[in-house]
Amino acid sequence: MPIATIIKQAKKYLPHLDEKRLKAAYNFAMKAHEGQKRMDGMPYITHPTEVALILLRLRVDEDTLIACFLHDVIEDTPYTIKDVEQRFGKNVAFLVKGVTKLSKVKYRHDMLSRQIDSLRKFFLHSARDLRIILIKLADRLHNMRTLSHVHKEKQLRIAKETMEIYVPIANLLGVWELKSDLENLCFFYIHPNEYKKLAYLVEQNTPHQEKLLADTTHKVMWRLKKIGIQAEVDARPKSLYSIFRKMVDKGQRFQDINDLLAVRVVVKDRETCYRVLGVIHSLFPPKSSRVKDYIAVPKANGYQSLHTTVFGINGAPTEFQIRTNEMHFEAEYGIASHFFYKELASMPSSTFRKEIKKRSTWVKKVLELQRELKSNFDFLENLKVDIFQDRIFVFTPYGDVVDLPQGAIGIDFAYHIHTNLGDHAVRLRRNGDECSVTTVLKTGDVVEVLTSPHQKLPKREWLDKIKTSLARHRIKEALKQQSSEQCHRAGTNFMKKELHLYGVHEIETLPEEKKKQLVEFFRVKNWHEFLEMVGNGSIPEDKIIENLYTKEEILGPPARVAHPYSLAKSGDRKNEPRLTILATAKSTAYYRVKLFLKVKDRVGLLRDVGIQLANLNVNIHQVNVSDTPMDKTTSCIVMVVEVLEMNQLRNVFNALSSTEDVQDFYLMH
Ligand code: MN
C-alpha cells in the first residue's frame, strides 16, 4: 500500500507528521476519483500518489503532501474547494486552488517568444507560493512520464509546453532534479531520433564507463571506511539532454564530451570534506590546476562543494565533488531547500536557521534568486518588476496572455499584439463591454481591440497616456511617416485639445509671448515648426504646459486642508474641537481646482467619476450638477477637486477622458 510507504518516508524528515491527516487526504482523493482511470489504464489515484512521491524527495511539508493528493480533485471530481477546506483547512485549500488556477495557463505551439515569456511570468505571478509551483512541476513530471499513452500530436504539444514553460521555471527555482528529469523526457518526445542515437552511443560507452565508476567508487569507499569516515559515494552519468545541448551549443562530437567522469562524495560536516579531499589526492594524483574550494568561497549562486579533477583509474580524468548533506540538498533542490529545511526538526546550524527566516516569503525568495542565479540574468532581469504588483496580465479573446506594466491602457495592449491593431484602434471591448481605447486595464481583463480603416494614424494624445515603451516607439514611428503638413495639422489639433483642458479655448488667443516662450524652450525655428514637432511626437507632451504656465497660474493659491483622518478624529472630542484640529492636522497643501464637465446623463455616471477620482486619491470638495440648456440628454457638472500637484491634475484629466459618457471637460478659471 503506497500510503504506508509515503508516511514512512515523510516521517524521516517530518517527525511530527500527522499520519491520520495524511491518510485521510489519501482516502479522500481515492474516493473522489473513484472509477476514474488514467490514460494508461491505471486507477486515477496512482497519479496524485506519484506526485506526492516526487515531492517527498524535496522534503516538502505536510500541507504540500496533502495538496499533492488533492491537486486534481477540484477540476476532475464533483467536490469543491469548500469540501477541501472543511476537511483539511485553509492552507491546503489555498495550495489546491493555486494548482487548479495554474491549469488555466494555455500554451499554443505557434506562440511568439514574447508570448511565451508572458506566459512564464503569468505562471509565476499567479502561483504566489513556491509550493504551488512545486506541485505543478511534479504533476507535470508524472504526466510526462506517462505521456506515451497519449496520441502523437498531443505528446508533442505537451512536451514543447513543458520545455518552454516548466523547464525554465524549474531552472529558475534551482530544482535541478526535477528540471533534468523533465528535460530528458521532453528531449525524447521533441527530438526522438537524436534521442535514440545519443542513447545508443551512451549505452555503448556505458559498460566501460560503469566499470570505471564502480571501481573508483569502491576504491574510495574502502579507503574512507578504513579511516572511519562515513560517506555516501555516488557516481551518476550525465543526462542525455545535457550531452545533447553541449553537442549543439559547442558543436562538439560525442567523443569529446564524454571524457569526464564525475563522482560525488557526501559527508556529515565541513571538516570531513577537507579530510576526504586529502584521501582522494592520496589515492589518485590531482591535476594541479583543477582543485576548487567552493566551500570557503561559494559560487555566486550560493553553490558549495570542493571540486578536484584527478587522474583516476587507468588515468581517466575523473572529477570529484565533495560536500555536506546540507550543501548537497541545496545543490539539488535549489531554492526549494531553503523553503523546506525549516520543517526539519534537527536543524543543522543556527546560522542556517536564521538564513531560512530571512527567506520566509515568496517575494523575498525570488528577489534572492535574482542575485543568486546569474546565469539566468535576462529572465531574472525581466522578472524583477514583473512578478508582483507592478505588472498586470490581460487576455486576448483567444486566451493568450499579455503582460503589461501597471496603469497600461488599451493602446498599450493593442500595440503589444500587433502594430496594425494599435494604429487603427478606435474602441475596446473589455469583458464584453465597449469602452474607450485609453481605458486603464486590470489583471484578468479580456480585451478585444476594435479597429477602423478610416483611422489611418495613431492619435498624438495617446503618447500622453500610454505606459509601455513599445507603444511609444510604434506611435512615434507612425507619426513620423506623416508629411510636414499632416504633422502641423496633428500638432495644432493636439495643442488645441491640450490648451482647452487648461481653459484656453482658442489656440489663436494664446498670446505671442507665450508662443515665443515655447519656441525658445524647445529650440525650434518658429511656431509653425513647433506645431510640426508636436505633431510628429518629438516634443514631450508633459513639458508643454509646464513651460507655458506656472504652477500658481494653473492651480491657484494652495488651500491648506487638514488630513481627513485627523478631522474625523477631532469630531469625537466635543470640548476642544479647534485645538484638536490644530494638533493633529497634517499641513499638506492641497490646491482646489474647479472643473467643468459635459456629460451624457445616465444612472451611475457620478459614481463612475467618483470612483475614478477616488482611485487617484483625489478628494471631491464640491459638486454641482445642472441641465444643459437646449439639450435634454446632456448635463453639466461643475466640481471642485483637491490635488497635490500638477501631475495629479494631469492624472485626473486622463481618468476623466477614459470615463464613459464624459464628453468634454476643462479647467475653469
Ligand atoms: Mn494532475
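In each ligand, atom 1 is the first atom listed, and ligand 1 is the first ligand listed. Start at 1 with the first residue, then count along the sequence.
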Can you label the angle between the Phe188 ring and the Tyr195 ring as parallel, tilted or perpendicular, going by 30° and 60°? perpendicular
Name of the Asp72 N, O or S atom nearest the Mn ion (ligand 1)? OD2
Compare every heavy atom of Leu22 with every heavy atom of Ile6, then report the nearest pair and how far apart it is. CG2-CD2, 4.2 Å
Do Val402 and Phe393 have side-chain heavy atoms sitting under 4.5 Å apart? no
What angle, in degrees and rounded to 10°, do you get at the Mn ion (ligand 1) when you join it to OD1 of Asp139 and to NE2 of His71? 90°
Any heavy-atom pair between the side chains of Val92 and Arg21 that's under 4.5 Å? yes
Taking both backbone and side-chain atoms into account, decide whether His47 has an N/O/S atom under 2.8 Å from the Mn ion (ligand 1). yes
